[in-house]
Amino acid sequence: MKLKDMTDKGLLFLDVEWGTKDQVIRNLVDALDENGYLSSKEEYYQAVIEREQISPTGFEAGLAIPHGKSSAVKKAGFAVARLKNKLKDWESIDPNNQVELVFLLAIPGAEAGSTHLSLLSELSTRLMDQNYYQRLMTASNAEQFLAAIDQVDEKEGESKEYTKTIVAITACAAGIAHTYMAAEALEKAGREMGVRVLTEKQGANGLEDQHTKALIREADAVIFATDISPKGMERFNGKPYVQTKVAEPLKSAKEMINRALNNPDGVVQAAGEDGDSSMDSGDKQGIWAEMSQAILTGISYMIPVIVAAGLMIGIAKLGAMPFGLAGEIHDPKYIEHSNELLVILHHLDKFGGMIFKFMYPIFGAFVAYSLAGRPGLVSGLIGGSFAAGLHYTFWGVEGGIPSGFLGALILGLVAGYVSRFLNEKIKLHKNLQAMKPMLIIPAISVLTIFFLNFYFVDPVFGALNESIRNYIESAQGSGTLFLSAVIAAATAFDLGGPINKAAGAIAIGLAADQIFPLTARVLAIVIPPIGLGLATIIDKYVVGRRVFDENLRVTGNTSLLLGFIAISEGAIPFMLRNPLITIPLNIIGAIIGSVTAVALGAVQWYPLPAVWGWPLVENFWAYFIGLLAGALFIALSNIFIRFAIIKRQEAAK
C-alpha cells in the first residue's frame, strides 16, 4: 500500500485561498466527510480542535499537520490544502512560521498497529525532508502531487563511527505526527553532530523500535520527549536524562542532545525491583500541575467503580419497580422473602452499595501511584479506605469517621509525596534493594497516613461534621425556606458523604415526626449529578466548545443517568477534579432548586428522590421547576466559569 491510497483527488486542494486556520480545518473536515472517511464530521472536528489546544501543530517552513483521533473516523486517511495565501495565525513551533501546506490526518480511535497508521507515521517523517517537501509545493496538479507523495529519496549510508550514544522516547497525545517527527529530528541532529541517537516511538502503533537492555546499558544518556507519561521508564535506571515536550526537538534537537550529554536534568532513579521509576530533576513541573495530574489519574481509575456500583443499584431498583419497592429494596426484610426475585434484587442493591465503598480506596491508591509509582499504591489505598470510613481503635479511642472525598484527596496526595520522598532519599546496598519497595516504604508511608488521619483528618472532618449537624439541628425552628436551604446545602456538599448523611438523618427524623417534609432533601440529592451531567451535554451539543476533558465527558453521561435514580456519587469526579468550582456551585444550585420548589408549593414526605418517586410529590410541576432551575444553574455556571478559565490560560500562553 502507498500513501496515495490513503487520500484522493477529492481530498487535495491546491493553491486555494482560505483566510483562517478554522476555515482550512473546516473545509478539509468537510472533504473527509464527503469522501466517506467520517461517521460524524462534527465529532471529528471537535477531536481536531481539542488536539490543537494541547500543543502547536504548525511546524516550520510553512508546514502544519493538524490531526484528530476519534471513533468518528471510519478509516485512516488525510486531506491536503496548499494555500496561495500564507497563514500567520497558526500556532507553530517556529513562531515565524507562515503556514502554506496543511495535512489533516484522520486517525481511527480504536485502530493501532495497522498499515494505515504506519503510513501516516511515515508521512510525518517524510515531511521533515526538504526535497520531499519542495516536490509537494511545486506539483502543478493533483496527479503530480499524488505521485510526489510516494517519491522518496534514498538515504545515504552512514559510515562514520559514533563515540556517544543517546536513547530517546518520543510520544504525543495522538501518537502520530509529533511522535515521529520528533524522533526524526533527534536522529537527524545526532547524525550531524556525530552522536548516535536511537528513538523508541510510543505512538498509536504501540511501542516501535523498542530499546533493548543491551542498548540501554550502552547508552550515555536518555531523552524523554513526551506529552504523556512514557511507558517503561524504570528501564533507564541510573541514566542521565533530559525531559521535554514532544515538540521541542523540532526546534532545538541539537541543544537537547548537548544537554543530555553535558548538563542533564537529573538521573532516572529506580523504585525497586519490578517497580516504576521516578526522576530526580531540578526542573520539575509545578506542584499544582503535578497534583492536578495525580487527581486526574485517580479519577480515571475511580470512574469504572462508580459506574459499576451505580449500574448494580440501578438494576436492582428498576427491577423492584413493578413490585412498588424501588425505594425500599435495600431493606433487610427482603433477605428472607418468599419471592426469590426480590431476594436477588435486594442482594444486588447491597452489592452495588458495597462496590461504592471501593471508590475512595481506588481513588487514593492511584493518586499516590501517579506521584510515586508502585511504592505509593499501598499507602494511597489505605488512605482512601480511611476516607471511606475504615473503622479502627487506637489507644482506646474510636476512629473511622468517613472524611469523604476531601479526606481521600488529602490522604492520597500525602501518600504519594511521602512514598516518592522515601524512594528518592533512601539508599541501600544493591543486595538490600528489594527491602525498599517491599518493606521500608510501605511501613513508613502507611504509618504516616495512619497518624495523619488519626490526628488531623478524622478530628478536623469529624468536628466539621458535628458542627454542621448542630447547625442543622439549631435551624429546625427557623422559617421553612431557611431550613430548606440549610438542608439542601448540607446534602449537596459532599454527595453521599458524612455531612450529607448528617443532613439526611435530621431531615428524615423531621419528616417521620410530620414536622417538616423531605422536599429540599430529595431535590438536593438529584440536582448536582443531573446538573453536571447536563453541563457536559450542553457543552458538547449546544455551546460547541468543549470545556470538559474526555474523562469528565464520559462521567457526565454516567452522572446524568445516576442522578435520575438518586445516586449522587456520579458527580464526585467533578468535585475531585476541581472542588473550588464544583462544591460551591452544587450547593448554590441545590439551594436554588429546593427553595424554588418549596416556595411554589412542592411537598414530598417520602424518602424517594429517584424518578419513580416523583409521581408521589404534591404539586409535581413546582417540584419539576425547582429541579430544572437548580440543574440548569449548575450546568450553565460550570460551563461559563470553566470556559473563562480556559480563555485566561490561553491568553497567558
Test side-chain hydrogen bond (donor to acceptor under 3.5 Å, both in side chains) on E52 and T57; report intermediate values, then the result. CA-CA 7 Å; E52 288 295 310; T57 56; 2.6 Å; yes
Within a radius of less than 6.0 Å around OH of Y417, do more than 12 heavy atoms belonging to other residues, nucleotides or ligands occur?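 Enclosed.
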Should we count CZ of F620 as having more than 12 external heavy atoms under 6.0 Å?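 Enclosed: over 12 neighbouring heavy atoms sit under 6.0 Å from CZ of F620.
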pair [X]-[Y]: side-chain heavy atoms closer than 4.5 Å:
X    : Y    : result
N619 : V603 : no
D539 : F643 : no
E569 : L562 : no
L585 : I641 : yes
P66  : K21  : no
W614 : L627 : yes

Worked verdict on T519 versus W605 for side-chain hydrogen bond (donor to acceptor under 3.5 Å, both in side chains): CA-CA 7 Å; T519 316; W605 285 102; over 6 Å; no
Which residue in the set D458, I449, L452, V457 passes side chain to side chain contact (heavy atoms under 4.5 Å, CB included) when paired with F386?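 It is I449; the other options fail the test.
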Evaluate the ring planes of F451 and Y455, with Trp represented by its six-membered ring, and classify them as parallel (under 30°), tilted (30 to 60°) or perpendicular (over 60°).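 The rings of F451 and Y455 lie parallel, inter-plane angle below 30°.
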Plane angle bin for Y369 and F366 - parallel if under 30°, tilted between 30 and 60°, otherwise perpendicular: perpendicular
Hey, does the Lys NZ or Arg CZ of R642 hover above the aromatic six-ring of F548, less than 6.0 Å from the centre and inside 45° of the axis? no
Does [X] use its side chain to pair, donor to acceptor, with the backbone of [Y] at less than 3.5 Å?
X    : Y    : value
D33  : S39  : no
T536 : G533 : yes
T582 : F574 : yes

Indicate yes or no: does E42 engage R26 in a salt bridge with an N to O separation below 4.0 Å.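 Result for this pair is yes, salt bridge flagged.
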Might you work through the salt bridge (charged side-chain N to carboxylate O under 4.0 Å, His left out) test for D30 and K41, ending with a clear yes or no? CA-CA 7 Å; D30 287 343; K41 69 176 183 180; 3.1 Å; yes
Do the side-chain N and O atoms of R420 and S445 include a donor-acceptor pair separated by under 3.5 angstrom? no
